[in-house]
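The block underneath contains the structure these notes are about, expressed in structure tokens.
Just so it is clear, the values below take in all heavy atoms, side chains as well, and ignore hydrogens, waters and symmetry mates. Lettering follows sequence order; numbering is per chain, from 1.
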Amino acid sequence: MKNMKTKQLDRRSFIKVSALAGGGMLIAFYTDNGLLAQQRGPAPAPTPINPNTYIKVHPDNTFTIVAKNPETGQGIRNSLPMIIADEFDVDWKQVKIEQADRDDKYGRDMGAPTVGQIEGGSTATPQNYQPMRNVGATARAMMVAAAAKQWNVPASDVTTGSGIVTHTPTRRTATYASLAQTALTMPVPELSSVKLKDPKDFKIIGKPTPGVDNFAIVTGKPSFSIDVNPPGMLHAVYEKCPVFGGKAVSANLDEIKKLPGVRHAFIVAASPDPTPAPAGAPPAPNVRWASGVAIVADNWWLANNARKSLKPVWDEGPVASQSSAGYLAQAKQLSSTQASQTPAGGTPRSAKEGDAEAAFKTAAKIVEAEYAFPLLSHAPLEPQNSTAHYKDGKLEIWSPSQIPQIANAAVPAGIQNSDVTFHMVRAGGGFGRRLVSEYDIEVSKIARLVTDERAKQGLPSAPVKLLWTREDDIHHDNYRPAGFHYFKAGLDASGKLIAFRDYVASHGTTSVIPANEFPRGFVANFWVSEGQITPYGIPTGALRAPSTNGVSFVMQSFIDEIAVEAGKDPLQYRLDLLANPLVPAPPASPNSFGAPFNAQRAIGVLEAVRDMSGWKNRDKLPKGTGLGTAFQFAHSGYVAYVVEAAVTADKKLKVNKAWAAIDIGSQIVNPSEAANLVQGGFIEAMSHMMAWEITIDRGRVVQNNFSQYQPTRMSQAPPSIEVKFLKTDFTPTGLGEPSLPPAVPAISNAIFAATGIRIRSLPLGNQGYRWT
Amino acid sequence: MAYKLTVNGKSQTVDVPGEMPLLWVLRDVLNMKGTKFGCGIGACGACTVHVGNKAVRACQTPVSTVNADVKTIEGLSTDGSHPLQKAWLEVDVPQCGYCQAGQLMSAAALLASKPKPTDSDIDAAMSGNVCRCGTYLRIREAIHVAANGRKS
Ligand code: FES
Ligand code: FES
């Protein structure tokens with residue numbers, strides 16, 4: 001690249017401009033989320049970086065903007081480029097989007113010290129909103145400066161719009177493309193001198209903007225990871241022991257290799273146990289894989305068909321003695337002793353304020369209830385898959401991961417990170433499933449072994465696609481942990497909540513009450529403690545809105561129960577609690593990402609949803625129909641629902657309508673996608689309500705496919721889910737997760753309002769309920 | 001064994017086992033990746049194509065049983081001009097988008113037999129198609145838009 005200029009903008013921000021072949025220019029930034037580093041305390045020491053590229057200015061005055069994050073259906077491939085384009089002051093129709101590869105040059109995000117390209121935790125918008133604005137605004141400032149220089153006029157007389165610079169007094173104009181050569185020779189502006197738009201002048205941010213891949217999707221163009229098809233590709237399946245932690249001992253490989261179309265069949269040994277890093281050295285990446293049998297064939301159906309003839313011998317290991325029934329029995333046992341010690345390996349999470357035990361003795365009324373929610377599988381519609389090609393000591397991978405990690409390809413292939421080219425491909429849903437990328441690890445291992453085996457046979461290397469079946473996906477997930485909650489509440493004679501106790505029996509970390517969960521801080525005597533179920537051999541992980549996706553059900557249902565016992569309006573009861581914090585809240589900072597619970601914002605969404613839904617007229621509903629409500633603070637966002645549900649005497653359930661009020665700050669980047677995500681969160685909650693449950697028998701998952709793990713269907717979806725975003729003065733935060741959790745208790749509370757029957761465990765399908 | 005198929009108006013010969021599902025013939029033999037795999041047991045609709053004028057699950061259709069012309073998402077129109085494709089774009093239906101090829105093919109079969117479907121016609125025709133992301137409200141709206149033009 002010629003004319004390259006690099007300038008340090010601040011300690012962690014760089015900008016580079018260079019000429020593009022054929023004219024035009026490329027504007028490269030390295031931002032390393034410097035602002036975030038300041039917000040969130042010291043960042044890990046930066047690794048050496050190259051400037052990344054965000055904007056290309058083409059000679060025809062169109063622009064390519066890079067989407068740096070993986071896309072699994074939240075529309076981030078729209079929203080980050082939209083932010084850049086708006087500040088750059090070009091029209092959206094002048095913009096083409098290019099998906100970035102996975103590369104450390106894109107900086108680091110919160111929560112994952114080595115990755116800057118994550119779909120997870122509803123973090124992409126809050127982490128990138130400001131940096132992406134800086135990128136666009138700096139590029140615009142360069143165009144303004146170039147025009148001012150070219151025309152010899154003050155920059156203050158120059159305006160921009162649609163990729164054109166205008167000298168206001170003379171109406172003289174120049175396209176960004178025509179200014180590129182001049183811009184290349186100009187000093188790069190200091191970030192501190194770059195002016196951002198006043199949000200009221202946004203032309204793209206805040207406008208409903210259809211998905212950039214929609215046309216490819218509706219015309220069936222290859223768009224997804226499963227569609228990747230490099231020349232000469234072979235197709236792999238990978239059969240693992242149905243018992244978690246089990247190992248492949250042997251299999252009838254010779255027989256399998258003789259089946260039609262089968263090219264390779266081998267056992268893959270489990271990853272070696274990690275060796276501790278020498279003192280002072282950074283820990284080695286924790287890349288583990290399970291042993292199994294790989295079958296590689298000319299097409300996927302032949303590979304998968306060969307599994308029917310496969311006779312693997314497994315060493316099932318110790319988990320084979322575990323079952324859901326055993327976990328439940330242990331939860332009950334733990335709760336009866338209310339053990340609060342932490343077993344080996346567990347982490348204590350407890351909160352104790354005041355003296356709940358003493359307060360129960362003085363209470364006018366005690367409410368007690370046991371709640372439970374099950375293990376869940378994520379079940380994104382595109383089964384897990386990944387494609388890799390190992391050749392000449394290097395590996396190229398095409399991955400649908402939500403948190404693409406180069407080490408996941410390098411370690412199993414036995415090569416260095418620098419020998420990996422990592423492409424990020426659109427994924428057919430994530431929901432947290434693709435935060436764990438075993439398929440990337442497995443395909444990299446298999447691709448290496450295939451190329452090695454082919455070399456011995458005198459054959460050239462071949463790319464390999466590994467595709468799991470739906471059954472593989474349901475049997476080998478990292479499940480949303482189950483939770484068992486034993487509640488007790490004390491009310492005084494006026495119905496006021498004076499003591500709250502929750503004993504939680506669980507495992508892992510993400511089904512336990514977050515330490516600051518409401519009503520903590522709003523009740524004088526509050527005590528939450530937990531006991532861990534052990535041994536527990538089931539891998540668990542994050543499902544959309546980890547922890548609150550189950551916790552909201554139990555907490556917001558039990559609060560509802562308390563309100564009813566107090567003889568109060570359940571929505572007003574919540575508002576009354578929220579209005580009376582034990583200690584006055586400190587003034588809230590406008591920076592809401594990662595900020596603690598803010599009762600005013602919760603009150604805001606509850607009042608809004610009350611007014612949208614006609615809550616006050618709920619007594620006029622016909623018999624068997626009721627309104628339920630719930631709210632949740634999750635992933636920095638505030639969501640409240642009201643749901644109207646109708647239930648027949650024979651337990652046929654219908655959701656007639658739902659209303660959502662949401663506060664995720666001052667700006668919705670793409671309102672079309674945002675409303676879609678909220679409706680989708682509600683529809684997912686309906687799956688949790690009615691049908692979703694993973695059970696374990698002899699260390700293996702009982703359910704196999706959608707027939708036993710039914711997602712919500714079209715005919716069950718309510719005719720309307722009304723969504724309202726409250727625009728508040730807080731910084732914008734994410735939306736992928738917050739819409740789900742309170743939808744579950746809002747539905748179950750509506751069932752109570754309709755029938756007087758309190759739902760205390762999920763799913764409803766086990767309790768005789770069906771959708772109408 | 002060789003089978004003759006007409007896919008989107010083009011005749012094709014494939015040499016595959018007769019029990020190989022049409023889904024995998026399309027995806028891996030004819031390299032038409034628009035039709036999707038979601039469950040392999042007829043429970044999700046991601047693989048929906050037309051055989052004759054009927055919407056069928058390609059994962060449950062052995063190639064040896066295909067006795068009429070096949071139409072896939074690639075054949076609905078290549079330029080996005082089918083009224084359903086236009087409506088899908090107008091309503092901004094997709095989230096992840098993975099189910100949408102199957103949704104569109106089910107919707108196209110519905111409109112072919114019922115040009116002005118009611119909500120309950122739509123629910124009945126579309127309930128074999130899972131959308132894990134939950135875009136059902138927009139799918140309903142887009143089918144109405146395709147059938148009647150913009151409502152508002
Ligand atoms: S893949 Fe055919 S119905 Fe699911
Ligand atoms: S849009 Fe993701 S499954 Fe339908």
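Interface check for chain B: of the options A:Thr209, A:Asn229, A:Leu302, the most heavy-atom pairs under 4.5 Å are formed by A:Asn229. Ranked by heavy-atom pairs under 4.5 Å with chain B, the first of A:Leu677, A:Asp213, A:Asn305 is A:Leu677. For the set A:Leu381, A:Ile217, A:Asp298, the entry with the most heavy-atom pairs within less than 4.5 Å of chain B is A:Leu381. Counting heavy-atom pairs under 4.5 Å between each of A:Gly680, A:Ser707, A:Ser715 and chain B puts A:Ser715 at the top. Ranked by heavy-atom pairs under 4.5 Å with chain B, the list A:His378, A:Met233, A:Gln74, A:Glu71 is led by A:His378. Note: A:Trp300 leads A:Phe706, A:Phe682, A:Trp300 in heavy-atom pairs under 4.5 Å with chain B.
Partners of A:Lys654 according to the side-chain contact (heavy atoms from CB on, under 4.5 Å) rule, which considers only residues two or more places apart in sequence or in another chain, are A:Asn656, A:Thr772.
Under the 30°/60° scheme for interplanar angles, the aromatic rings of A:Phe224 and B:Tyr98 are found to stand perpendicular.
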**Request:** Go through A:Arg713 and B:Val130 one step at a time and tell me if the side-chain contact (heavy atoms from CB on, under 4.5 Å) criterion holds.
**Result:** CA-CA 6 Å; A:Arg713 303 277 172 167; B:Val130 168; 3.4 Å; yes
**CA sep, side-chain torsions, deciding dist, call: A:Met714, B:Asn129, side-chain contact (heavy atoms from CB on, under 4.5 Å)** = CA-CA 8 Å; A:Met714 172 76 91; B:Asn129 287 80; over 6 Å; no
**Prompt:** Can you list the steps and then say if B:Leu76 with A:Val218 is a side-chain contact (heavy atoms from CB on, under 4.5 Å)?
**Reply:** CA-CA 9 Å; B:Leu76 202 54; A:Val218 304; over 6 Å; no
**Request:** Could you please spell out the steps behind the side chain to side chain donor-acceptor pair (under 3.5 Å) verdict for A:Asn676 and B:Asp92?
**Result:** CA-CA 9 Å; A:Asn676 210 350; B:Asp92 189 21; 5.5 Å; no
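Proximity to chain B (any heavy atom under 4.5 Å) is shown, for A:Ala216, by neither the backbone nor the side chain. Using a 4.5 Å cut-off between heavy atoms, A:Pro380 contacts chain B through its backbone alone, with no side-chain atom that close. Heavy-atom distances place no part of A:Ser687 under 4.5 Å from chain B, backbone and side chain included. If you measure heavy-atom distances from A:Thr72 to chain B, the contacts under 4.5 Å come from the backbone alone.
Scanning both residues, B:Leu89 and A:Phe215, for their nearest heavy atoms gives CD2-N, 3.8 Å. Nearest heavy-atom pair, B:Pro94 versus A:Asn214, reported as atom, atom and distance to 0.1 Å: CG-OD1, 3.4 Å. Here the closest heavy-atom approach between residue B:Gly38 and residue A:Pro383 is recorded as O-CG, 3.9 Å.
Of the possible polar contacts, one joining the B:Arg27 side chain to the A:Ile226 backbone as a donor-acceptor pair under 3.5 Å is found. A distance-only check finds no donor-acceptor pair linking the side chain of B:Asp123 to the backbone of A:Gln716 [under 3.5 Å]. Judged by distance alone, the side chain of A:Asn705 and the main-chain N or O of B:Cys39 form a donor-acceptor pair under 3.5 Å.
Open room surrounds NZ on B:Lys86; 12 or fewer heavy atoms of other groups in view lie less than 6.0 Å from it.
A salt bridge links B:Lys36 and A:Asp227; the closest N-O separation between the charged side-chain nitrogens and carboxylate oxygens is under 4.0 Å.
Among residue pairs with one or both ends in residues 673-684 of chain A, those qualifying as salt bridge (Lys or Arg N to Asp or Glu O under 4.0 Å) are A:Arg544-A:Glu684, A:Glu684-B:Arg132; sequence neighbours excluded.
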